[in-house]
Number of protein chains: 2
Amino acid sequence: MTSTFAPLPETSTADLVAERLREAILDGTLRPGDRLVETDLAERFAVSRGPVREAIRLLAPEGLVVLRRNRGAVVASPSFDDVLEVYAVRMSLGALALTNAVELRAAATPAFTDAVRLLAPMRDPDVQADPQAMLEADLAFQDAVLSLSGLPRISAMLEQSARDAASFVSLLGITYDSTDHVALVQRHERLLDALSSGEPGRAVAAWQEHIRATVAEFARACPDADSARIHDHPLARHVLDATQEKP
Amino acid sequence: MTSTFAPLPETSTADLVAERLREAILDGTLRPGDRLVETDLAERFAVSRGPVREAIRLLAPEGLVVLRRNRGAVVASPSFDDVLEVYAVRMSLGALALTNAVELRAAATPAFTDAVRLLAPMRDPDVQADPQAMLEADLAFQDAVLSLSGLPRISAMLEQSARDAASFVSLLGITYDSTDHVALVQRHERLLDALSSGEPGRAVAAWQEHIRATVAEFARACPDADSARIHDHPLARHVLDATQEKP
DNA sequence: GCACTGTAGATTGTCAACAATCGTGCCAGG
DNA sequence: CCTGGCACGATTGTTGACAATCTACAGTGC
């Protein structure tokens, strides 16, 4: 195993608290609008207010909570417009990343093999049965593929947008019941094929198709967005129509 | 003025300290690799370590400092690769934002008039003589134009990337001596014209041309990047060549 | 002379108490 | 009945002290 002697994770108490809070928000224990009271959380986690405060400040730039001076923090309440924006960013930067990956001949690298391997869990029925696990496997795969770009900053932004997207699932009350896992895996396979082909255009097209399908699924499952009005949003053209404008 | 009754700035001590540190980094008082010792800073600003610590944590996600557990924070040392990445993001998301702005008929809004007004300071010889002031005026104008998209998240990301770009100027030791201010203002004017024309393609093209010129200027002035090797970087095609790939 | 271990000083991580601020409910006045 | 001021409780903002950790340097054994 190459990762056995990798640098240890640098986890402070604040990081641990932040991680717990993230989980609580993502699994629905904490719901949009809920207040995060430093004193309460400090008592529950059996630490002082310092690390808790730091943890909350850590979640703010991630978009999971919103801070208001002297009034504490509350769990964020995103709208469907946010979903469209995040996926528009994802489509745009993803295209950039994948083009770069192709130009780097990423398909021939060990990192590519690792990415291919990450698709395996998504075919596992046990994983498919657990929405949370499925979501995490999906995220891990997409992060790995997009990291093939060799662009650290852009990869980090894409990972952030992936976490945003994941948080929308719980914050908007998406129900994952009959999601078509097979189609999802197939889209990922097509993406890998396109990367192997060495044609940037094919990779970008596969990516855009994936985003389009994901947003469409979101729109169907999201109680907030009545499907009729979605197409009024200017961004809908970008993230729902397969064809994109040319410069 | 529309902003007279905007919400008051919610400035805590930590925000003030962060602002001072930002200035210190941006004007070169603090240089890449310099350590930020909480005790020292607390004493200088005449506050306790708490707010200083929080301020440093605030600068970390902005990319101005890097944190290492139990070892404090140091001022970031970006490379020219970072410049290319940031401008690639800027080109990509800017195209998205401007397309949206055109589709919203932004040219007919008061916000557009405000943006036009922001160009005036950049023609002022006094401002042009002060690189710092010129940079800020440029940033304010670009932020205003890109905000016409009506996409809050994407506008925020673009503002962040603009701050990143500004920080590179000092962190990479760019010398601003003979920058062609006239050409810069002309590019901005062309961008406004394109927005008024109502053709998304023209706005995007003007934007890409602006990014291309900016990066080229960066490459010329940056002592770190020997111009010969820049074009080896895969991103160079995107941010230096005017033509972009089609999906 | 070299590699390793142990200690000292500096610095960060954490804590608990104090001060400042906000929201709520009550009460007087119109 | 509604409006405006006031006090109280709850919560955040800030502080200084203590504990844990890191880096550098000196000392020990080979």
Side-chain angles (χ1 to χ4, degrees), chain A residues 5-25 29-77, chain B residues 5-25 29-77:
Chain A
F5 289 101
L8 293 173
E10 304 193 335
T11 29
S12 66
T13 307
D15 290 331
L16 294 173
V17 173
E19 186 51 39
R20 291 280 194 94
L21 289 176
R22 247 181 240 114
E23 284 170 21
I25 294 174
T29 309
L30 288 169
R31 310 185 55 183
D34 282 358
R35 294 183 58 191
L36 297 177
V37 178
E38 295 178 2
T39 319
D40 287 359
L41 297 173
E43 201 171 344
R44 291 203 204 181
F45 292 127
V47 296
S48 80
R49 274 182 53 214
V52 171
R53 189 181 169 83
E54 197 170 316
I56 293 175
R57 297 287 189 284
L58 234 41
L59 299 181
E62 296 178 19
L64 288 176
V65 305
V66 297
L67 299 173
R68 287 166 310 174
R69 161 144 169 103
N70 286 329
R71 277 184 286 169
V74 298
V75 178
S77 311
Chain B
F5 289 100
L8 293 173
E10 304 191 337
T11 26
S12 66
T13 308
D15 291 331
L16 294 171
V17 173
E19 186 51 40
R20 291 280 194 93
L21 290 176
R22 247 183 240 113
E23 284 171 21
I25 294 174
T29 309
L30 288 170
R31 309 184 55 183
D34 281 359
R35 294 182 57 191
L36 296 177
V37 178
E38 295 178 1
T39 319
D40 287 359
L41 297 172
E43 202 172 346
R44 292 203 203 179
F45 292 127
V47 295
S48 80
R49 272 183 55 215
V52 172
R53 188 182 170 82
E54 198 170 316
I56 294 175
R57 297 288 188 283
L58 234 42
L59 299 181
E62 296 178 18
L64 288 175
V65 305
V66 296
L67 300 171
R68 287 166 311 173
R69 160 145 168 104
N70 286 330
R71 277 183 286 168
V74 297
V75 178
S77 311

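- Side-chain contact check for L21(B) versus L58(B): every heavy-atom pair is 4.5 Å or farther apart.
- Contact annotation for R35(B): backbone-only contact, meaning every heavy-atom pair under 4.0 Å involves sugar-phosphate atoms and none involves a base.
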_Derivation and outcome, side chain to side chain contact (heavy atoms under 4.5 Å, CB included), residues E54(A) and R57(B)_ = CA-CA 8 Å; E54(A) 197 170 316; R57(B) 297 288 188 283; 3.0 Å; yes
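- Here the P atom of nucleotide dT12(D) and the CG atom of L36(A) are 9 Å apart, to the nearest Å.
- Contacts between residues 47-62 of chain B and DNA chain D, counted as heavy-atom distances below 4.0 Å, involve V47(B), S48(B), R49(B), G50(B), P51(B).
- Atom pair E43(B):CD and dG16(D):P shows a separation of 11 Å (rounding to whole Å applied).
- Going from atom CZ of R69(B) over to atom P of dT23(D) covers 12 Å, rounded to whole Å.
- Spacing between atom CG of L16(B) and atom P of dG13(D) amounts to 13 Å, rounded to whole angstrom units.
- In this entry the distance linking CD of E38(B) with C1' of dA10(C) reads 13 Å, nearest Å.
- Contact annotation: R71(B) side-chain N/O to dT23(D) OP1/OP2 distance is under 4.0 Å.
- Partner of L36(A) under the side-chain contact (heavy atoms from CB on, under 4.5 Å) criterion, out of V74(A), L67(A), L30(A), V52(A): L30(A) alone.
- In this structure, the nucleotide among dT14(D), dT12(D), dT12(C) sitting nearest to the side chain of N70(B) is dT12(C).
- Counting non-hydrogen atoms under 4.0 angstrom, L67(A) reaches nothing in the nucleic acid.
- Annotation: R44(B), atom CZ; neighbour count of heavy atoms from other residues, nucleotides and ligands within 6.0 Å does not exceed 12.
- Applying the side chain to side chain donor-acceptor pair (under 3.5 Å) rule to S12(B) yields the partners D15(B); only residues at least two apart in sequence or on another chain are considered.
- Taking the side chain to side chain donor-acceptor pair (under 3.5 Å) definition, one finds that T29(A) meets it with D27(A), sequence neighbours left out.
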